[in-house]
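Working notes for the structure below.
The first residue in the sequence is number 1, and the count goes up from there. None of these values were measured; they are calculated from a predicted model.
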Amino acid sequence: MILTALIAAAVFALCAALRRRLTGAAPRPLWGGRAALEPMYNRRAAFGLKLTGRPLRVLTAGTLALLTWTAAHLDGPAARLSGGLALGGGAANLYERLRSRGVLDYLRFPRLPGRGKRLVFNAADLTIFAGLLLMLLDGGK
């Protein structure tokens with residue numbers, strides 16, 4: 001559990017540093033236009049779902065509590081890494097929602113197909129995704 005907590009704390013700190021650095025930053029292309037920095041506040045749930053305000057904050061806190069309980073029972077280095085990534089990203093997003101009623105999203109991939117090119121992410125979203133993907137690849141242990 002200590003390794004998971006350290007990873008989660010590092011992810012949380014990274015997300016906080018990026019939020020401070022990118023708040024108010026001008027949009028700009030990255031990696032030859034494969035990605036773009038476009039800071040904007042998102043008051044809705046992931047993927048533009050129409051869930052906002054208190055219900056979204058309660059759902060986020062409940063999910064984070066379940067993830068914390070799950071992370072406490074992880075065994076093995078890959079499981080601890082995946083739990084730490086997902087837990088740190090979830091805590092960072094919840095903190096932002098409680099602090100400002102929204103999260104600062106800033107990373108867009110304009111070359112994704114279809115509606116994917118309009119989605120905007122932040123580091124917390126990416127670490128949650130990476131953590132959950134690693135959990136699945138590790139066999140859900």
Side-chain angles (χ1 to χ4, degrees), residues 1-31 33-141:
M1 182 64 187
I2 293 173
L3 179 60
T4 302
L6 289 173
I7 293 167
V11 167
F12 185 90
L14 171 68
C15 293
L18 285 169
R19 181 184 65 249
R20 283 190 302 275
R21 174 87 165 102
L22 295 172
T23 297
R28 66 179 179 184
L30 299 171
W31 304 302
R34 290 181 195 89
L37 278 180
E38 295 183 12
M40 61 184 73
Y41 273 94
N42 180 4
R43 301 201 187 292
R44 292 184 170 188
F47 306 110
L49 297 175
K50 296 181 180 181
L51 186 61
T52 61
R54 181 178 293 244
L56 177 57
R57 291 190 300 274
V58 169
L59 180 64
T60 303
T63 303
L64 191 58
L66 179 61
L67 185 57
T68 301
W69 181 85
T70 303
H73 297 88
L74 295 175
D75 188 31
R80 289 185 183 110
L81 172 62
S82 63
L85 290 171
L87 191 58
N93 273 346
L94 178 61
Y95 174 77
E96 280 196 67
R97 288 200 186 285
L98 293 173
R99 183 178 160 265
S100 65
R101 306 287 192 245
V103 297
L104 181 67
D105 287 337
Y106 43 80
L107 189 59
R108 191 171 68 84
F109 298 95
R111 293 188 183 172
L112 286 176
R115 292 180 50 187
K117 66 182 77 177
R118 294 191 326 223
L119 298 175
V120 185
F121 305 91
N122 61 29
D125 299 335
L126 297 176
T127 60
I128 292 167
F129 177 76
L132 295 178
L133 181 63
L134 185 56
M135 279 182 198
L136 289 174
L137 293 176
D138 192 39
K141 296 178 185 175

CG (Leu133) and CD1 (Ile128) are apart, to the nearest 0.5 Å, by 13.5 Å
Closest heavy-atom pair, Leu126 versus Leu107, reported as atoms and distance to 0.1 Å, is CD1-CD2, 3.6 Å
Those residues at least two apart in sequence (or on a different chain) that pass side chain to side chain contact (heavy atoms under 4.5 Å, CB included) with Ala92 are Phe12, Cys15, Ala124
Sorted by chain and number, sequence neighbours left out, side chain to side chain contact (heavy atoms under 4.5 Å, CB included) with Leu94 holds for Thr60, Ala61, Leu64, Leu98
Looking only at heavy atoms, the pair that brings Tyr106 and Val120 closest together is N-CG1, 3.5 Å
Which side-chain N or O atoms in residues 34-41 pair as donor and acceptor under 3.5 Å with protein atoms at least two apart or in another chain?
unit_1 : atom_1 : unit_2 : atom_2 : d
Arg34  : NH1    : Trp31  : O      : 2.8
Glu38  : OE1    : Arg108 : NE     : 3.0
Glu38  : OE2    : Arg108 : NE     : 3.0
Glu38  : OE2    : Arg108 : NH2    : 2.8

Residues pairing under side-chain hydrogen bond (donor to acceptor under 3.5 Å, both in side chains) where one sits in residues 77-96, two or more places apart or in two chains, turn out to be Asn93-Asn122, Asn93-Asp125
By side chain to side chain contact (heavy atoms under 4.5 Å, CB included), Leu67 pairs with (sequence neighbours left out) Ala86, Leu87, Met135
Just wondering, more than 12 heavy atoms not from Arg111 lying within 6.0 Å of its CZ? yes
Residues passing the side chain to side chain contact (heavy atoms under 4.5 Å, CB included) test with Leu14, sequence neighbours excluded, are Leu18
- Would you check if the side chain of Arg43 reaches a backbone N or O of Ser100 as a donor-acceptor pair within less than 3.5 Å? yes
Worksheet item: What do you reckon, is CZ of Phe129 surrounded by more than 12 foreign heavy atoms closer than 6.0 Å?
Response: no
Between Gly131 and Leu85, the two heavy atoms sitting closest are CA-CB, 3.9 Å
